[in-house]
There are 2 protein chains.
Amino acid sequence: MPTAILTEESMRDQLLDAVEQVFYARGIQAANMSELRDAAGLPLRRIYQLFPSKDELIVAFLRRRHDRLMAMLEAQVAAADSPEDRVLALFAHLDAWFREPSFRGCPWTNAYCELGPTNPAVAAEVDHHELEHRALVTRVVLDAGYSPEIADVVYLLIAGAVTTAGVQHSLDAAVQARHGVRILLASSQAEVALTT
Amino acid sequence: MPTAILTEESMRDQLLDAVEQVFYARGIQAANMSELRDAAGLPLRRIYQLFPSKDELIVAFLRRRHDRLMAMLEAQVAAADSPEDRVLALFAHLDAWFREPSFRGCPWTNAYCELGPTNPAVAAEVDHHELEHRALVTRVVLDAGYSPEIADVVYLLIAGAVTTAGVQHSLDAAVQARHGVRILLASSQAEVALTT
DNA sequence: TCGCGATGAGAATGATCATTCTCAGTCGGC
DNA sequence: GCCGACTGAGAATGATCATTCTCATCGCGA
């Protein structure tokens with residue numbers, strides 16, 4: 001019965017597509033299972049066959065989005081020409097993201113604020129995302145020859161831009177953050193130039 | 001009946017003290033009215049006399065905390081000796097805040113993530129806070145002689161530090177952000193020195 | 001053609017929670 | 001000392017929602 005297996009896969013994808021859209025647009029708690037059913041076009045019975053509870057759906061949503069983000073970031077970073085451009089590519093990605101009409105802040109921060117204090121599984125998934133994302137940013141900055149302290153600042157600028165864009169609907173946050181990073185990198189190179 | 005008025009005031013304070021603690025520690029949606037009643041030591045009936053709905057309690061919580069934060073920031077900024085120290089005082093405040101054991105992220109970001117998409121009154125209150133807070137930061141940076149672009153970056157660093165400290169429980173976020181600001185300010189002064 | 005295992009659609013269940021109501025007690029004014 | 005308005009404590013209400021259940025139907029192998 002290969003058909004059954006294939007359809008299970010496609011139903012899972014169809015469900016997670018809908019879940020991503022609804023959870024992200026409306027908030028996780030505000031989205032109820034009936035809404036997910038309507039958006040996914042699948043009966044509740046089937047949804048519960050695929051994921052035994054809403055909590056597991058939340059974790060799957062966060063994980064899937066994380067995997068996609070990380071792959072996209074790796075690709076965009078890899079496509080940049082110079083190590084410094086790799087750092088700036090992170091901000092180009094942010095800028096494009098903020099300008100998507102559906103942008104509504106960081107899915108992991110949102111989930112953590114909504115559920116973190118009461119839902120350990122969600123908190124763990126958010127933790128996992130934050131660690132991997134921060135590790136990627138740090139690696140890109142270190143590979144470009146800057147110090148760990150600079151990497152921390154770059155990370156904070158990214159986090160600040162995402163939060164500010166999400167809460168204040170400020171489309172310029174990525175540009176402003178990139179401006180800060182440029183100054184930072186230039187001054188750090190000046191330091192290196194002085195000491196070498 | 002001045003006694004009655006006085007007691008109403010003190011009951012309101014007692015209630016809002018408890019509400020602040022419970023909403024902030026457990027999350028707004030996770031905290032139910034019975035919990036608030038227990039924490040405040042007031043009957044539900046009285047709570048509803050003081051605030052006709054949980055929504056109004058949420059807005060009052062955010063507003064009270066906002067007023068206190070702004071007053072504290074103004075005081076700490078005013079106490080600093082030089083304009084540059086006034087900028088750095090913002091980060092000293094962050095550092096102390098992050099190290100409070102009860103620290104659990106930014107109350108306004110938390111509220112916005114939890115309720116913003118579904119509760120216009122909360123969204124408006126968060127907006128109000130963000131605008132005033134950002135205006136204060138911008139004013140302090142401009143008064144120290146830096147450019148609006150620098151003020152934007154300083155603001156993003158503050159936002160990033162708060163988010164990162166909240167989600168990643170990173171106690172060093174304020175120190176890292178201050179490091180970034182120092183570089184930023186120094187390089188901006190160098191520019192000014194070069195052009196004047 | 002027959003019967004069975006799974007399916008879809010939506011109703012039932014049980015829990016949680018904001019909000020309101022009940023009722024027995026209490027206090028201030030007379 | 002007495003009456004009426006108010007109070008506290010907690011139960012009742014009504015809504016919402018995750019999760020489960022019912023049942024009529026369907027696809028498929030024999």
Side-chain angles (χ1 to χ4, degrees), chain A residues 1-16 18-20 22-62 111 114-115 117-122 125, chain B residues 1-16 18-20 22-62 111 114-115 117-122 125:
Chain A
M1 60 190 70
T3 15
I5 288 174
L6 280 181
T7 6
E8 168 154 349
E9 276 307 297
S10 78
M11 280 190 301
R12 179 180 290 257
D13 280 350
Q14 182 179 337
L15 172 58
L16 286 177
V19 161
E20 260 181 51
V22 174
F23 275 170
Y24 185 58
R26 303 226 321 117
I28 294 173
Q29 307 210 56
N32 61 40
M33 296 300 290
S34 310
E35 244 170 299
L36 297 182
R37 173 198 56 191
D38 294 346
L42 291 173
L44 271 182
R45 181 202 193 81
R46 169 80 52 199
I47 294 178
Y48 278 95
Q49 264 175 13
L50 294 168
F51 296 91
S53 72
K54 188 182 183 184
D55 277 3
E56 313 224 10
L57 215 41
I58 298 168
V59 171
F61 150 64
L62 293 174
E114 276 198 71
L115 302 168
T118 53
N119 191 320
V122 169
E125 189 58 38
Chain B
M1 61 192 68
T3 15
I5 288 174
L6 280 182
T7 5
E8 168 153 349
E9 277 305 298
S10 80
M11 280 191 300
R12 179 180 289 258
D13 280 351
Q14 182 178 337
L15 171 57
L16 286 176
V19 161
E20 260 180 52
V22 174
F23 274 171
Y24 185 58
R26 304 226 320 116
I28 293 173
Q29 307 209 57
N32 61 40
M33 296 300 291
S34 310
E35 245 170 299
L36 298 182
R37 174 198 55 191
D38 295 346
L42 291 173
L44 271 182
R45 180 202 194 81
R46 169 80 52 195
I47 295 178
Y48 278 95
Q49 266 174 12
L50 295 168
F51 296 91
S53 72
K54 189 182 182 185
D55 277 2
E56 312 224 13
L57 216 39
I58 298 168
V59 171
F61 150 63
L62 293 174
E114 275 198 72
L115 302 169
T118 53
N119 191 320
V122 169
E125 188 59 39

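So you know, we letter chains A, B, ... as the sequences are listed, proteins then strands, and number each from 1.
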Rounding to an integer number of Å, can you tell me how far [X] [atom1] sits from [N] [atom2]?
{"X": "A/Leu50", "N": "C/dT7", "atom1": "CG", "atom2": "P", "answer": "10 Å"}
{"X": "B/Ile58", "N": "C/dC17", "atom1": "CD1", "atom2": "C1'", "answer": "13 Å"}
{"X": "B/Arg37", "N": "C/dC17", "atom1": "CZ", "atom2": "C1'", "answer": "12 Å"}
{"X": "B/Ile47", "N": "D/dA9", "atom1": "CD1", "atom2": "P", "answer": "11 Å"}
{"X": "A/Ile28", "N": "D/dC17", "atom1": "CD1", "atom2": "P", "answer": "15 Å"}
{"X": "A/Leu44", "N": "C/dG10", "atom1": "CG", "atom2": "C1'", "answer": "9 Å"}
{"X": "B/Tyr48", "N": "C/dT20", "atom1": "OH", "atom2": "P", "answer": "7 Å"}
{"X": "B/Leu42", "N": "D/dA9", "atom1": "CG", "atom2": "P", "answer": "9 Å"}

**Asked** More 5' along DNA chain D: A/Pro52 or A/Ala30, using each one's nearest nucleotide?
**Response**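 Its nearest nucleotide lies further toward 5', so the answer is A/Ala30.
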**Item:** Contact check, side chains of A/Met33 and A/Leu36, non-hydrogen atoms, under 4.5 Å
**Value:**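 A side-chain contact exists here, since the closest heavy-atom pair is under 4.5 Å.
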**Message:** Tell me if the side-chain of A/Arg45 makes a donor-acceptor pair with the base of D/dT19, cut-off 3.5 Å, by modelled atom types.
**Reply:**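 By the distance-only test, no, there is no pair.
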**Asked** Counting side-chain heavy atoms from CB outward, which of C/dT19, C/dA9, D/dT19 is closest to A/Met33?
**Response**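 It is D/dT19.
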**Per A/Asn32 side chain, nearest of listed nucleotides C/dG8, D/dC17, C/dT20** =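 Of the candidates, D/dC17 comes closest.
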**Message:** Please enumerate all residues that pass salt bridge (charged side-chain N to carboxylate O under 4.0 Å, His left out) together with A/Arg12, with sequence neighbours excluded.
**Reply:**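 With neighbours one apart ignored, the set is empty.
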**Message:** Closest-nucleotide mapping onto DNA chain C: is A/Gln49 or B/Gln29 further toward the 5' terminus? I mean the 5' end.
**Reply:**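 Looking at the nearest nucleotide for each, A/Gln49 comes out on the 5' side.
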**Prompt:** Looking only at heavy atoms, which two atoms of A/Gly41 and A/Gln14 are closest? And how far apart?
**Reply:**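 Looking at all heavy atoms of both residues, the shortest contact is O-NE2, 4.2 Å.
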**Message:** My understanding is that only residues two or more places apart in sequence, or in another chain, count here; which of them pass side chain to side chain contact (heavy atoms under 4.5 Å, CB included) with A/Gln49?
**Reply:**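 With sequence neighbours excluded, A/Gln49 shows a side chain to side chain contact (heavy atoms under 4.5 Å, CB included) to A/Arg45, A/Arg46, given in chain and number order.
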